[in-house]
2 protein chains.
Amino acid sequence: MAKATIDDVAALAGVSMKTVSRVVNKEPNVRASTRDKVQAAIDELNYRPSQSARSLAANRSYVLGLLYDNPSASYVIDVQDGALETCRRAGYDLLIHPCKRDADDILAEVLALVRQGRVDGLILTPPLSDMTTLVQALVDAAVPFVRLSPTEHTDACPYVQTNDQEAAYDMTCRLIELGHQRIGFIIGHPDHRAVTQRYAGYVAAFKENDLALDKTLVVQGYNSFDSGRECAEQLLSLAERPSAIFASNDDMAAGVIIEAHHRGIAMPAELSVAGFDDTPVAHQIYPSLTTVRQPIAEMAAKAVELLLKQLKGKSVQMPAAIMSCRILERESTGKPG
Amino acid sequence: MAKATIDDVAALAGVSMKTVSRVVNKEPNVRASTRDKVQAAIDELNYRPSQSARSLAANRSYVLGLLYDNPSASYVIDVQDGALETCRRAGYDLLIHPCKRDADDILAEVLALVRQGRVDGLILTPPLSDMTTLVQALVDAAVPFVRLSPTEHTDACPYVQTNDQEAAYDMTCRLIELGHQRIGFIIGHPDHRAVTQRYAGYVAAFKENDLALDKTLVVQGYNSFDSGRECAEQLLSLAERPSAIFASNDDMAAGVIIEAHHRGIAMPAELSVAGFDDTPVAHQIYPSLTTVRQPIAEMAAKAVELLLKQLKGKSVQMPAAIMSCRILERESTGKPG
DNA sequence: AAACCGGCTGACAGCGCTGTCAGTTTGTTT
DNA sequence: AAACAAACTGACAGCGCTGTCAGCCGGTTT
C-alpha cells in the first residue's frame with residue numbers, strides 16, 4: 001500500500017483537497033458531517049500529512065529549537081522534557097542544539113538554523129540567555145525566541161524566570177532560624193544569572209535578621225564540583241569556621257560535603273550544608289542535601305507556550321512568567337553544635 | 001533583503017537552477033570554474049537552501065530520530081552529544097523523542113514520526129533496543145534504524161554494543177586480586193541488556209579463579225538508587241557479610257554506599273563498592289566510586305554513522321560495532337580488612 | 001571522417017501541501 | 001418571499017527544491 005496523500009483522502013471522502021486540509025489542521029468553518037466524513041477517510045487510509053510538504057507550503061517548520069551550552073545533564077534533560085511535552089501537544093517537534101557560546105561561528109550557525117527554515121523559533125537556556133550578541137542578532141533577524149532565566153530582562157523579549165532571590169532568602173532565613181550565625185556562602189559562576197539573585201537573597205536575609213555579614217565567609221565559586229571543594233577548603237580553614245555553608249548550586253555543595261568528609265567534620269552536627277537546584281546528586285550523597293528545587297520542566301513548558309503564542313501572532317501582553325522555587329530540607333542541615 | 005532562493009543564485013551565477021543544486025549538494029560532474037562561480041553567488045546572496053523544499057523534493061527529511069525511554073539523564077545527554085556531533089557533520093539534524101515503552105500507542109507514535117517524513121531513520125537506546133514489538137514494526141515498515149546495546153542481536157539489524165561481560169569480568173577479577181572472596185553482586189533491571197552480560201562476567205570471574213559462588217550474595221536490583229539501597233540492606237544484614245559489593249550500575253552502587261554510611265561501615269576498609277557506567281554521581285559521592293566507563297558518546301556517534309550508511313543505500317557489510325569499556329578505580333575499593 | 005564516449009549542463013515536471021479568493025449553500029431578517 | 005449575512009467549500013497557483021532525461025561539447029576510437 002503506497003503512502004496516501006491528501007488527494008487520496010479528498011477523493012475517498014468526496015470533498016476537495018482543501019477541505020481535508022481544514023480538517024487536518026482543525027480549522028473552523030467545516031460542517032460537522034463533512035468533518036466526520038473526512039475523518040473516516042483519513043482513518044481508512046491511515047493518512048499522515050507530509051511534514052515537508054506542509055512546511056514548504058505554509059512556510060514554517062513546526063519545529064522549535066532548543067539552544068543550550070553545557071549546563072548540567074539533569075538540567076538539560078528537565079528542560080527538554082518540559083519543552084517536549086508542550087511541543088507535542090501543539091504538534092511541534094523539538095530540535096536540540098547544544099553550542100559553545102565562545103565559538104566564533106555560533107551566530108552564523110544559529111541564524112542558519114532559522115534561515116534554512118529548520119526551526120520556527122528558539123528557546124535559550126542559561127548561559128545563552130544572557131549572551132547579548134546572540135540575543136541582539138535574533139532580535140535583528142526578527143526570530144521569535146524566549147529566554148529561560150535571563151539575568152537582565154529590561155527589554156521586550158519574552159522570558160521565563162524563577163524567584164531565585166526569594167528562595168535564597170528563605171533558605172538563609174531557615175539556617176538562621178536553626179541557630180546558625182556564621183553562614184558561609186559560595187557565589188556561583190559570574191556568567192550565570194543565579195549569581196546576583198541568589199547572593200542578594202543571602203544578603204537580604206542577614207539584613208532582615210539584623211545580623212552582620214562577614215565578608216570572609218563569602219567566596220567565589222564557578223559552579224563545578226571541584227570549585228565547590230576548593231571554596232570549602234578555604235572556608236573550613238578559617239580560624240573561626242562557619243557552622244553552615246550555603247552553596248549557589250548542588251554541584252558545589254557536593255564539593256563542600258566531600259571536603260568536610262575528608263576533614264572528618266560531622267554533618268550536620270558540626271556543619272550544615274545547603275545547595276540550590278535539586279540535581280539528582282542531591283539525594284544520592286551522604287548526608288542527603290538540603291536544597292532548592294526549581295520547577296525546570298515547568299519553566300521550559302511555559303517558555304514553549306510563550307513561544308507558540310508569538311508564532312501564532314498573538315502578541316503576548318506580558319511576555320514573561322515568574323515561577324516559584326521550593327526548599328527541600330534533607331539531612332545535610334540541622335541545628336549547630 | 002528578501003530571502004534568496006536557488007533561482008536568484010542561478011540567475012546571478014548565470015547557470016541553471018540545477019547546477020546550483022549540484023554545487024550545494026556537492027554532487028560530482030561540475031567543472032571547477034562553474035563551481036567557483038556558483039559558490040561566489042551563494043556567498044554574495046548569503047543563500048541558504050530551504051530545508052522543507054529539499055525535503056519535499058528529495059523525499060527525505062535530513063533528520064534522524066533518537067528514541068529513548070527513561071535511562072539516566074547523563075546517559076541520554078551523552079548519547080545525544082555523540083549522535084549530534086556526527087549528525088551535524090553530515091548535515092543532519094537530530095530529533096529527540098523520549099517515549100514510554102509501555103504506552104499502548106508507542107508503535108503508532110513512532111511509525112507516524114517516520115510516515116510523516118519527520119525523520120529518515122531512528123536510533124534506539126536501551127531499553128527500547130530490546131522491545132521486540134517495536135523492532136519488528138520497524139523492520140516491517142522498512143524503517144532504517146540502529147540499536148544501541150541490544151541484548152539480542154541475532155537478526156540482521158545493525159547495532160552498536162559494548163563488551164559489558166568482559167568489563168564485569170575484569171572488575172570482578174580486580175576485586176578478587178585485591179583479596180576479596182565474598183563479593184556481593186546486585187543484578188540490574190531484568191529489562192536491561194546489562195543484566196545478562198554483566199552478571200555473566202561476574203560469574204565467569206569466579207569460575208576462572210576457582211572460587212565458589214555463594215548465591216546468597218547475588219541479589220536482584222532494579223537499577224534505581226532506592227533499589228540499590230534495598231539490596232544493600234539485604235546483603236549487609238547477612239550473618240557473614242560480603243567484603244565487597246559490585247552493583248550493576250552506579251545509581252545502585254550509590255545506594256549501597258549510603259546504606260553503608262548509615263550503618264557506620266567504613267569504606268573501603270570494611271566494604272569495597274564498585275559500580276558500572278561512570279555517571280556523574282560516581283565522583284561526587286564519598287568515597288568516590290570505582291566503576292566502569294562506557295564510551296557512550298562514541299557509541300552513539302557510531303550508531304549514527306551506521307544509520308547514515310544505510311540511508312545512503314550502501315548496504316553495510318557488517319552492520320555492527322563493538323566498543324570497549326574502561327575500569328576506573330577510585331576510593332570506594334581497596335584491600336579488605 | 002564518422003562514430004562514439006564521458007564529462008558537463010539545463011529544461012521541466014513534479015514533491016504534497018496551504019493561502020487566496022471566489023463561489024455556493026444555509027440561516028436570518030425584513 | 002426577497003434580501004442579506006454568515007457559514008461553508010473548492011479551484012488553483014505556487015512554496016523552493018530535486019530527479020529525470022535529453023542535449024551539448026571536446027576528445028577518442030574505428
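Predicted model, so just to flag it, every value in this text is computed and none were measured. Numbered from 1 within each chain, the chains take letters A, B, ... in sequence-line order.
Atom CZ in B:R60 sits roughly 21 Å away from atom P in D:dG16 (whole-Å rounding). Across the protein-nucleic acid pair, B:D8 atom CG and D:dG16 atom C1' stand 11 Å apart, rounded to whole Å. Between the CZ atom of A:R22 and the P atom of C:dC17 there is a distance of 16 Å, rounded to whole Å. In this structure, A:N59 places its CG atom 13 Å from C1' of C:dC17, rounding to the nearest Å. Per the geometry, CD1 belonging to A:I42 stands 10 Å off P belonging to C:dC17, to the nearest Å. The distance from atom NZ of B:K37 to atom C1' of C:dT9 is 10 Å, rounded to the nearest whole Å. We find that NZ of B:K18 is positioned 12 Å from P of C:dG10, with the value rounded to whole Å. Computed from coordinates, the B:M17 CE to D:dT20 P distance equals 15 Å when rounded to whole Å.
With values rounded to the nearest 0.5 angstrom, A:S61 atom OG is found 9.0 Å from A:D93 atom CG.
An OP1 or OP2 oxygen of D:dG10 is reached within less than 4.0 angstrom by a side-chain nitrogen or oxygen of A:S16. Considering only side-chain N and O atoms, B:T19 lies under 4.0 angstrom from the phosphate OP1 or OP2 of C:dG10. Contact annotation: A:R54 side-chain N/O to C:dT18 OP1/OP2 distance is under 4.0 Å. In terms of phosphate contacts, B:N25 brings a side-chain nitrogen or oxygen within less than 4.0 Å of OP1 or OP2 of D:dT18. The side chain of A:S50 contributes no N or O atom lying less than 4.0 Å from OP1 or OP2 of C:dC17. Neither OP1 nor OP2 of D:dT18 sits under 4.0 Å from any side-chain N or O of B:Y62.
Paired with A:Y92 under the rule side-chain contact (heavy atoms from CB on, under 4.5 Å), one option of A:V119, A:L84, A:L308 passes, and it is A:L308.
Looking at which nucleotide of DNA chain D each of B:L56 and A:V15 is closest to, the 5′-most match is held by A:V15. Along DNA chain D, the nucleotide nearest B:S52 and the nucleotide nearest B:E27 are compared for position; the residue whose nucleotide lies closer to the 5' end is B:S52. For B:T34 and B:A57, each mapped to the nucleotide of DNA chain C holding its nearest heavy atom, the one lying further toward the 5' end belongs to B:T34.
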* To do: Under the side chain to side chain contact (heavy atoms under 4.5 Å, CB included) rule, what do A:Y68 and A:I123 come out as? Steps first, then yes or no, please.
  => CA-CA 9 Å; A:Y68 53 87; A:I123 309 275; over 6 Å; no
* To do: Might you work through the side chain to side chain contact (heavy atoms under 4.5 Å, CB included) test for A:D69 and A:I106, ending with a clear yes or no?
  => CA-CA 11 Å; A:D69 177 16; A:I106 177 173; over 6 Å; no
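Within 4.0 Å (heavy atoms only), B:P28 reaches no atom of the nucleic acid at all.
Taking every side-chain heavy atom of B:N29 into account, C:dC8 is the closest of D:dC17, C:dC8, C:dG16. Listed nucleotides D:dC8, C:dC17, C:dG19 differ in distance to A:I6; the shortest reach to its side chain belongs to C:dC17. For B:V30, whose side chain is taken as the heavy atoms from C-beta onward, the closest listed nucleotide among D:dG16, C:dC21, C:dT9 is C:dT9.
Remark: B:K302 does not engage B:E298 in a salt bridge, criterion side-chain N to carboxylate O under 4.0 Å.
Atom CG of B:D36 sits in a crowded spot, with more than 12 heavy atoms from other residues, nucleotides or ligands closer than 6.0 Å.
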